[in-house]
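What follows is a short report on a single structure.
We're numbering straight along the sequence, starting at 1.
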Amino acid sequence: MPITSADIQLATRLADAAGAAIRPYFRAEHGVEIKDDHSPVTRADREAEAAMRKLLDAEAPGDGVIGEEYGEKPGVTGGRWVLDPIDGTRSFTVGRAIFGTLIALVEDGWPVLGIIDQPFQRERW
């Protein structure tokens, strides 16, 4: 299935929602914990992924979701969103602005859309 302008707009709204959840925690108390795999996770990670999932549940309820913090939700459409709310959590936890939100859309097993968003610097690729 070809990518549509609606897919791009949704991906942009996902990045906006994640950024709004992340920014209040940057260089502030963020509640870092260590996961079973020894990687850090913060409230910002969890809240950003939850915000993106809420938006997907409302706007693309049939699509699957794979997220770093909350695992996989099967879909029925052939579309699957892959979410990493904060890639670079270690940098985030020490206040270095070299982290980003990664969002991808996979259609029938093929990646068709990807966004890298740096919510603190408000840059997006």
Side-chain angles (χ1 to χ4, degrees):
M1 173 179 270
I3 189 171
T4 67
S5 63
D7 294 328
I8 295 168
Q9 291 169 5
L10 177 54
T12 299
R13 287 193 303 279
L14 293 171
D16 291 343
I22 291 166
R23 279 188 295 276
Y25 290 106
F26 186 57
R27 297 184 179 147
E29 174 54 41
H30 49 269
V32 67
E33 299 174 12
I34 302 299
K35 298 188 284 190
D36 290 341
D37 68 359
H38 305 288
S39 65
V41 63
T42 67
R43 282 193 298 272
D45 289 283
R46 291 184 176 127
E47 289 181 20
E49 185 171 324
M52 290 188 284
R53 284 175 177 267
K54 181 178 179 181
L55 192 56
L56 288 169
D57 285 345
E59 297 193 30
D63 288 356
V65 180
I66 298 175
E68 184 168 347
E69 308 312 331
Y70 296 110
E72 185 168 0
K73 174 195 141 193
V76 296
T77 64
R80 181 188 294 180
W81 293 89
V82 182
L83 311 173
D84 185 349
I86 299 178
D87 183 49
T89 301
R90 284 187 174 88
S91 294
F92 176 85
T93 64
V94 297
R96 296 182 69 204
I98 52 172
F99 65 90
T101 300
L102 307 180
I103 300 165
L105 175 59
V106 177
E107 291 280 352
D108 298 316
W110 294 94
V112 296
L113 172 65
I115 287 183
I116 301 169
D117 185 70
Q118 206 304 321
F120 180 69
Q121 296 171 333
R122 296 179 189 253
E123 294 181 324
R124 187 172 291 165
W125 303 269

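Relative ring orientation between Phe92 and Phe26 is described as tilted, the plane-to-plane angle lying within the 30° to 60° band.
Under a hydrophobic-cluster definition in which Ile, Leu, Val, Met, Phe, Trp and Tyr are linked whenever side-chain heavy atoms come within less than 4.5 Å, directly or via other members, Val82 and Leu14 are assigned to different clusters. Residues Ile8 and Leu55 are members of one and the same hydrophobic cluster, defined by side-chain heavy-atom contacts under 4.5 angstrom among Ile, Leu, Val, Met, Phe, Trp and Tyr.
Not one N or O on the side chain of Glu59 forms a donor-acceptor pair closer than 3.5 Å with the backbone of Leu10. Using modelled atom types, no side-chain atom of Glu123 and backbone atom of Trp125 make a donor-acceptor pair closer than 3.5 Å. For Arg27 (side chain) and Gly95 (main-chain N/O), a donor-acceptor pair under 3.5 Å exists by modelled atom type. A donor-acceptor pair under 3.5 Å links the side-chain atoms of Gln118 to the main chain of Phe99, judged by distance alone. Using a distance-only test at 3.5 Å, with no hydrogens or angles considered, a donor-acceptor pair links the side chain of Arg23 to the main chain of Pro119.
Rounding to the nearest 0.5 angstrom, the gap separating the CD1 atom in Ile98 from the CZ atom in Arg90 is 12.5 Å. We find the CG-CG distance between Leu56 and Asp63 to be 7.0 Å, quoted to the nearest 0.5 Å. Put simply, CD on Glu33 and OG1 on Thr93 are 12.5 Å apart, with the number rounded to the nearest 0.5 Å. How far CD of Gln9 is from CG of Asp16: 11.5 Å, rounded to the nearest 0.5 Å. Taking CG from Leu113 and OG1 from Thr12, the interatomic distance works out to 8.0 Å, rounded to the nearest 0.5 Å. To the nearest 0.5 Å, the span separating CG on Leu102 from CG on Asp84 amounts to 5.0 Å.
Counting all heavy atoms, side chain and backbone alike, Ala50 lies closest to Tyr70 at N-CE1, 4.1 Å. The shortest non-hydrogen separation linking Val32 to Pro40 is CG2-CB, 3.8 Å. The shortest non-hydrogen separation linking Pro24 to Ala21 is CD-O, 3.6 Å. Arg53 and Gly67 get closest at one heavy-atom pair: NH2-N, 3.3 Å.
Contact annotation: the side chain of Met52 never approaches that of Trp81 to less than 4.5 Å [non-hydrogen atoms, C-beta and beyond]. Side-chain contact between Leu105 and Pro111 is absent, with no heavy atoms from C-beta onward closer than 4.5 Å. Side-chain contact between Val41 and Glu68 is absent, with no heavy atoms from C-beta onward closer than 4.5 Å.
The only option from Thr101, Thr89, Ile22, Asp87 that meets the side chain to side chain contact (heavy atoms under 4.5 Å, CB included) definition with Asp45 turns out to be Thr89.
Annotation for Asp37: atom CG counts as buried by contact number, over 12 foreign heavy atoms lying within 6.0 Å. Within a 6.0 Å sphere centred on NZ of Lys35, heavy atoms belonging to other residues, nucleotides or ligands number more than 12. A 6.0 Å sphere centred on CZ of Arg80 holds no more than 12 heavy atoms belonging to other residues, nucleotides or ligands.
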>> The test is side chain to side chain contact (heavy atoms under 4.5 Å, CB included); show your working for Asp7 and Val112 and say whether it passes.
In response: CA-CA 10 Å; Asp7 294 328; Val112 296; 5.8 Å; no

